[in-house]
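A short write-up of the structure that comes next.
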Amino acid sequence: MSRFITEWKKSHGAGELRIEDAGQTAVLMGWVDAVRNHGGTIFIDLRDRFGVAQVVFDGASLGEADMEVAKGLRQEYVVAVRGTIQKRAGKPNPKLATGEVEVVSTDLELFNRSLPMPFQVADEVDAKEETRLKYRFLDLRRPPLRKAMILRSEAARLAREYFASQGFVEFDTPILTKSTPEGARDYLVPSRVNQGTFFALPQSPQLFKQLLQVSGYERYYQICRCFRDEDLRADRQPEFTQIDLEMSFVDPDDVMTTADGMIASMFAGLKNVEVPLPIPRITYEQAMTRFGVDNPDVRFGMELIDLTDLAKTSGFQVFKSVAGEGGLVTGMVASGGAAFSRKEVDALTEFVKTYGAGGLAWTKRADGKFTGPLAKFVDEALEKALLHDAGMKDGDLALFVADRDASVARTAAGRLRGHLGNKLSLVNPDEFGFIWVTDFPMFERDEETGKLVAMHHPFTSPNSEDLDLLSTDPLKVKTRAYDIVINGQEVGGGSIRIHDRKVQSQVFEALGIGEEEAGRKFGFLLEALSYGAPPHGGLAFGFDRLVAILVGADSIRDVIAFPKTTRAACLMTEAPSQVDTEQLTELGIGLIEK
RNA sequence: GGGGUGGUAGUUAAGCUGGUUAUAACGCCGGCCUGUCACGCCGGAGGCCGCGGGUUCGAGUCCCGUCCACCCCGCCA
C-alpha cells in the first residue's frame, strides 16, 4: 500500500498554498493540469478542488525511480506529491493565486493514468455541448462548473439556515405519488404489485405541503426534485429542483416578506449584494400594461406606450382598423435605436412575427425629422406622444405592434422590449432587477377547447372581493398569487390557497370539473379541507434558475451536475433506454408497435 | 407539433461557383531540452466529411430523407 494513503495524508489544497507557507512540508493530491518537461527539470501544474499549484521535479530532490515516473506524467493523471513549499526559484506567476510558491517534490506517486482527454480541462472550453454532456464527469472538472456546483451547494445551505432560523420544519414528501393530469404531463411509474396502475413522479409537492398545513406544522419547507414531461428549453429540464415552502395563518405579504428574506440572505452571502427590501411589487395588470409580460426585466425602462386611442384616427390603415376592432397598438421608444441598419430592423420584425404579430411599424428620429415607414403617418397627436410623452430624441427608434388580439400585440411588444434591452446593452450584467408580480387572474381561456383553465392552479385563493365574480364573470377574478422575477426571469411563484371547501367547489365548478371528478382526483385534499384546514399559502422557487442567475449562466444545464438534453435524454448514461421483455412482463406491460 | 442554427482527425474549426493526395491549431506518439507556466524546438501517426439514398464523368460541397445537439414558437395547472 502506498505511503501516501497509509501515512502521508493530503495536507493542503493545491490552490490554497501561499508564500506564508514556505518552508512547510506539503502533501498534495490531485490531477495533472499541465506538464512542462525541460529535460532535467519537470514542472507540473497540480489541480484539485481548490485550484492549481506548480510542482517541480528534478534529479537533485527526487530519486531516480520517481524521476522516471515524473517523465511519464500526462494531462489528467492522478498523482500524489510530497515536498517542500518554497518561494519560486524562477519568476512568480501573477496569473495564479499560488504564483509565488512552488512545491519541490521529494516523493511522487502515480495513482492512475488517463486516456487522452476529449476536451481540455480549462476555464474556456470550446467543445460542443454534445461532447461535454457525454463526458459530463470530465466537464465537471472544469473550474467554471466546479464553481457553479459549489455555489449551488452554498445556496442550498443558506436557504436551509434561513428557513431554520424562521422556524420552518423540513419535510420529505413522496416521489411515488398520484397522477394529476391537470397541467403538465406526468412521468409515470408502473406498479408491479398493483398491475395496471401507475404512480406519477410529482410535478411539485403542492398537495402534500397543503396537507401539512392541515396537519398543523404551520411552516414547512423542502428542497425537492420535481418532474414534468414537457418540451425543454434553456431554463427548463424534465427534472428540476424547487425550494418549496408553505405557511399557515398568513397573507400574501407574509409569504413575500419571508421570501424576500431568503433572497436577501443568498445574494448577501454569495454575491455580496445587498438586496433593497422589500422587493417592489406590481400587479399583473400593471406588469402587462407597462412591460407587456408577466416577467419584466426591471433593470431598464423603455416601458410600453399604448397608442390604441391615437390609432383610431390614424392615417395608417393597419393601426386604424386594429384600434377600431378592439385590438391593441403598443410599442416603445428605443433609445439609440436609429443606429440599427435596415437589416437589423428587419430582424426585429422577424422577431415579433415569432410571437404571432403581423409586423412592426417603425420610425427613426434624426436631425429633428422622422424617417422610416411610419414617418408619413406621424400626425400631430402621435408626434406629441412620441416626443413629449415618451421623450423620443434624435438617434432613437420607435417601434409598434398592432394586433386585433390584444394579448398577441402585448406579448410581441413585451418580448421585443426584453430583446432590445439586451441588444442595446441597456442592462448592466452585474446588476440584478427584482420584482414581485401579484394579483394574477384566476382563469384564462384555453385557445383550443374554449374552456376556462386555472392560470396558476385550481387551489389558488381568489381575492375575497372577487368571490361573487366566480359565477358571473370568472375571467375578471383576480387571485392572491404572486411571482418573483429576477432579471426578467420567473424564479418563483406561489399563492394563498383556498382553505374553504365551498370556495374550492365554486372554483372547480367554474373550471367545469364536477364533484365526482374532483373527488376522484383530489378527494384527499377536499376531505382535508373539511377537517379544520387553516388559512395558508406558500411559494416555490426554481432553485436551478436562481443559481443560474447567481452564477450568470445562460442555461440551467450549467448549474445542474447531470442535466438532460432538449430531447429529455442523458447523453452520458444513455437514459432513457429499452428494458428487457421480462421486466415488462412482470409489470404487465406490453409495447405497442407504431 | 412548427421554425432556425450546427454536425469534417481525439477536440475545435477552415474547406469558395462540385474537380488532383481534405487543411490548421490544440491534443496524442517519438526525439532534444535545468526555470517554465497555454514552455520551446525537430519528426510522426491520426478521417465511413453524422447516417441513408439520389443527381453527376466526378459530391465534404448540390437535392431528398433521417438521426443527434443547441436556440425559439406552441406546450410548461
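Per chain, numbering begins at 1; letters A, B, ... match sequence-line order.
- Judged by closest nucleotide on RNA chain B, A:A569 is the one of A:A569 and A:E230 placed further toward the 5' end.
- OP1 or OP2 of B:U12 sits under 4.0 Å from a side-chain N or O of A:T131.
- Note on A:R49 versus A:E16: no salt bridge recorded, every NZ/NE/NH1/NH2 to OD/OE distance being 4.0 Å or above.
- Phosphate contact (OP1/OP2 of B:C70, side-chain N/O of A:K128, threshold under 4.0 Å): absent.
- Regarding A:K134, its NZ atom lies at a distance of 16 Å from the P atom of B:G50, rounded to whole Å.
- Residue A:F351 places its CZ atom among more than 12 non-hydrogen atoms of other residues, nucleotides or ligands, all under 6.0 Å distant.
- B:A69 and B:U11 have their C1' atoms separated by 16 Å, with the value rounded to a whole Å.
- Ion pairing of A:R36 with A:D45 is present here, as a side-chain N (NZ or NE/NH1/NH2) and a carboxylate O approach within less than 4.0 Å.
- The gap from the P atom of B:G1 to that of B:C75 amounts to 15 Å, rounded to the nearest Å.
- B:C67 and B:G30 have their C1' atoms separated by 40 Å, with the value rounded to a whole Å.
- The distance from atom NZ of A:K71 to atom C1' of B:G31 is 13 Å, rounded to the nearest whole Å.
- A:T460 comes within 4.0 angstrom of nothing in the nucleic acid, heavy atoms only.
- B:C76 atom P lies 19 Å from atom CD of A:Q489, rounded to whole Å.
- Among the heavy atoms of the strands lying under 4.0 Å from A:R567 are primed sugar atoms or P, OP1, OP2 only; no base atom is included.
- Nucleotide B:G40 forms a pair with B:C32, judged by Watson-Crick or G-U wobble geometry with both contacts under 3.5 Å.
- Going from atom CD1 of A:I85 over to atom CG of A:L17 covers 5.0 Å, rounded to the nearest 0.5 Å.
- For A:R236 and B:C76, a side-chain-to-base donor-acceptor distance below 3.5 Å is present, hydrogens and geometry of angles not being considered.
- Atom CZ in A:R415 sits roughly 16 Å away from atom P in B:C71 (whole-Å rounding).
- In summary, A:R185 and A:D229 do not engage in a salt bridge, as defined by a charged side-chain N under 4.0 Å from a carboxylate O.
- One atom, CG of A:D139, and another, P of B:A69, lie 16 Å apart when rounded to the nearest Å.
- Comparing A:M455 and A:A234 by the nucleotide of RNA chain B whose heavy atom lies nearest to each, the residue mapping closer to the 5' end is A:A234.
- Taking atom NZ of residue A:K564 and atom C1' of nucleotide B:A69, one finds them 16 Å apart after rounding to whole Å.
- Separation of the C1' atoms belonging to B:A13 and B:U8 is 9 Å when rounded to the nearest angstrom.
- An OP1 or OP2 oxygen of B:A69 is reached within less than 4.0 angstrom by no side-chain nitrogen or oxygen of A:T566.
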Which letter, B, S or -, goes with each nucleotide of nucleotides 34-49 of chain B from 5' to 3', with contact meaning a protein heavy atom under 4.0 Å? BBBBSB----------
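- To the nearest angstrom, C1' of B:U5 lies 17 Å from CZ of A:F351.
- Figure legend. B:C70 is base-paired to B:G4; pairs are counted as Watson-Crick or G-U wobble with both atom distances under 3.5 Å.
- Between A:D235 and A:R545 there is a salt bridge, since at least one side-chain N of the basic residue sits less than 4.0 Å from a carboxylate O of the acidic one.
- Ion pairing of A:R142 with A:D139 is present here, as a side-chain N (NZ or NE/NH1/NH2) and a carboxylate O approach within less than 4.0 Å.
- Atom C1' of B:A24 sits at a distance of 14 Å from the matching atom of B:G47, rounded to the whole Å.
- Screening A:K147, A:R132, A:R146 against A:D558 for a salt bridge (Lys or Arg N to Asp or Glu O under 4.0 Å) leaves a single residue, A:R132.
- Across all strands, A:L115 comes closer than 4.0 Å to no nucleic acid atom at all (heavy-atom distances).
- The phosphate of B:C73 has OP1 or OP2 within less than 4.0 Å of a side-chain N or O from A:R233.
- Listed nucleotides: B:C76, B:A69, B:C29. Nearest to the side chain of A:R74: B:C29.
- With a cut-off of 3.5 Å on both pairing distances, B:C75 has no Watson-Crick or G-U wobble partner at all.
- Across all strands shown, the partner of B:A24 is B:U12, judged by Watson-Crick or G-U wobble contacts whose two distances both fall under 3.5 Å.
- Across B:C48 and B:G53, the matching C1' atoms stand 15 Å from one another, rounded to whole Å.
- Spacing between B:G54 and B:C71 at atom P, rounded to whole Å, works out to 36 Å.
- Using a 4.5 Å cut-off on side-chain heavy atoms (C-beta onward), A:C226 and A:P205 make contact.
- A:L232 places its CG atom 10 Å from the C1' atom of B:C76, with the value rounded to the nearest Å.
- For B:C37 and B:G50, the P atoms lie 38 Å apart once the distance is rounded to whole Å.
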Side chains of residues 508-516 of chain A: which donor-acceptor partners sit under 3.5 Å, not counting sequence neighbours?
unit_1	atom_1	unit_2	atom_2	d
A:E515	OE2	A:S505	OG	3.4
A:E516	OE1	A:R520	NH2	3.4
A:E516	OE2	A:R520	NE	3.1

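- When heavy atoms are screened at a 4.0 angstrom cut-off, A:Y355 is found touching the sugar-phosphate backbone but no base atom.
- Residue-level contact check: A:R557 touches the backbone only, with heavy atoms under 4.0 Å from sugar-phosphate atoms and none from bases.
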